[in-house]
Number of protein chains: 2
Amino acid sequence: MPYGLSANDIDKLDQSVSHTKLLQKGETLYRQGTSFKSLYAVKSGSVKITSLNQEASEDVIGIYLPGEIIGFDGIATGEYQCTIHAIETSNVCEINLSEVQENIPGVSQQLLKHAGRAINHGRYARSVAKVSARKRIISFLLDLSDRYRHRGYLATEFELYLSRGELGNLLNLSAETISREIHKLEREKLISIVNKRRIQIKQMDQLKEILIAP
Amino acid sequence: MPYGLSANDIDKLDQSVSHTKLLQKGETLYRQGTSFKSLYAVKSGSVKITSLNQEASEDVIGIYLPGEIIGFDGIATGEYQCTIHAIETSNVCEINLSEVQENIPGVSQQLLKHAGRAINHGRYARSVAKVSARKRIISFLLDLSDRYRHRGYLATEFELYLSRGELGNLLNLSAETISREIHKLEREKLISIVNKRRIQIKQMDQLKEILIAP
DNA sequence: CGTTACGTTGATAGGAATCAATGAGGGTGG
DNA sequence: CCACCCTCATTGATTCCTATCAACGTAACG
């Protein structure tokens with residue numbers, strides 16, 4: 001749902017802030033509690049955003065795909081409230097806020113739009129929390145698919161990069177429930193699973209119908 | 001958690017955009033689907049933000065208190081994604097985006113901060129969804145209390161303005177569960193209830209401890 | 001080749017939803 | 001002014017979904 005910058009916008013940012021970072025799988029972009037430095041646009045790969053709960057274990061908040069912007073969690077307080085890990089080899093592009101706001105009029109508007117998208121996506125995530133495990137998982141898969149499609153990637157096959165446990169954490173379900181429901185979807189031939197973590201959407205329309213049905 | 005503008009900031013906005021609106025209880029500020037016009041700062045009273053789900057019934061997303069800013073849901077797409085109703089007599093102050101961004105340098109930064117707060121609050125709401133009904137309700141009450149305190153209001157007694165059903169909707173619980181849990185808290189003398197909808201926090205520390213405990 | 005993390009599958013328990021009935025205001029019209 | 005209705009709140013009984021506990025399988029890796 002946070003569909004991200006247009007290719008055009010990314011080019012603009014590229015020219016103005018050419019500072020990009022390469023992250024290997026598992027590497028950290030920033031950590032919860034460290035002071036806010038800049039926003040980042042994901043250029044390639046994907047990252048996961050997590051947050052420490054009271055029990056000091058990590059809650060998975062979401063994942064970000066190319067074109068999407070991260071770092072808003074640090075703007076309000078001056079300290080990042082979350083941690084970003086690359087879940088595959090990824091490139092991110094640094095967006096120095098003050099620099100950008102001074103030099104590129106209009107980008108500030110763009111950033112606000114991105115923030116708005118993030119807020120709307122949060123709202124969407126909230127609404128997903130009300131439905132059954134089955135629908136939650138389908139919602140997640142279709143949301144990912146949609147976001148890939150909007151960035152020009154294949155919408156019907158993609159890698160999850162998350163373990164069952166992380167997925168469960170993200171969707172507020174147990175790892176066991178994730179496993180069971182995903183396999184039920186596969187038995188029903190609505191999706192296929194390759195190598196545990198790669199998803200093929202087989203029946204997009206039927207999946208959408210399930211979400212609509214009571 | 002979206003603590004809102006400082007009194008100072010609100011004054012600044014007041015001077016630049018003196019256009020304020022009075023909303024009677026039940027009146028609508030804007031509706032889902034209508035085109036984005038401006039952000040609004042709540043000056044007094046309180047409003048609720050709702051969104052239509054597939055079944056075309058209204059999901060309560062949250063409530064906003066004085067000093068907090070609403071309307072970000074319309075920025076990304078140009079159409080408001082939610083509806084705002086006054087739940088008591090309220091004053092809001094219009095924030096014309098382009099006007100403000102041109103004439104008051106720095107406010108744009110402020111707005112981004114507010115968006116950041118909204119994003120963080122959304123994250124918080126997500127994390128609340130993982131815990132028991134009892135903790136969810138306590139979390140909600142303490143969050144409200146905290147936000148009132150930060151705006152200079154009484155933190156230990158306040159009006160809910162929401163029915164049990166709306167509260168349940170907001171916290172992803174049934175109205176019956178809300179009723180039961182609230183009365184359990186009252187029997188335990190942790191809170192008092194006046195007239196069904198007014199809350200007195202009696203044992204703030206104990207309530208906080210419940211949230212921390214496993 | 002053992003160790004470790006992840007995934008699957010089954011059995012059981014528990015928390016909240018749902019269904020159902022009753023009570024308590026609040027407003028309206030006769 | 002009172003009877004009626006309608007919404008909201010409360011309380012109890014039952015059901016159901018998902019978490020939890022437990023055991024086992026599997027793949028990666030030192």
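Please read all numbers here as calculations on a predicted model, not as lab measurements. Naming convention: chains lettered A, B, ... in sequence-line order (proteins, then strands); numbering from 1 in each chain.
With rounding to whole Å, A:R180 atom CZ is found 12 Å from D:dT20 atom P. With rounding to whole Å, A:H183 atom NE2 is found 7 Å from C:dG7 atom C1'. Put simply, NZ on B:K25 is 10 Å from P on C:dG27, counting in whole angstrom units. Spacing between atom CG of B:L167 and atom P of D:dA9 amounts to 9 Å, rounded to whole angstrom units. Regarding A:L173, its CG atom lies at a distance of 8 Å from the C1' atom of D:dT18, rounded to whole Å. The nearest whole Å value for the distance from the CG atom in A:N169 to the P atom in C:dA5 is 18 Å. Summarising the geometry, the separation between CZ on B:R197 and P on D:dC8 is reported as 7 Å, rounded to the nearest angstrom. In this entry the distance linking CG of A:N172 with P of C:dA16 reads 13 Å, nearest Å.
Nearest nucleotide to the B:A133 side chain, out of C:dA16, C:dC6, D:dT10: C:dA16. In this structure, of D:dT10, D:dC8, D:dT20, it is D:dC8 that holds the atom nearest to the side chain of B:S163.
Note on B:K25 versus B:E88: no salt bridge recorded, every NZ/NE/NH1/NH2 to OD/OE distance being 4.0 Å or above. Between A:K48 and A:E166 there is a salt bridge, since at least one side-chain N of the basic residue sits less than 4.0 Å from a carboxylate O of the acidic one. Note on A:K37 versus A:E94: salt bridge recorded, some NZ/NE/NH1/NH2 to OD/OE distance being below 4.0 Å.
Side-chain atoms of B:E176 come within donor-acceptor range of the base of C:dC19, with a qualifying N/O pair under 3.5 Å.
Residues A:F158 and A:Y153 place their aromatic rings such that the two centres sit no closer than 6.0 Å.
Within the 4.0 Å cut-off from OP1 or OP2 of D:dA19, at least one side-chain nitrogen or oxygen of A:T177 is found.
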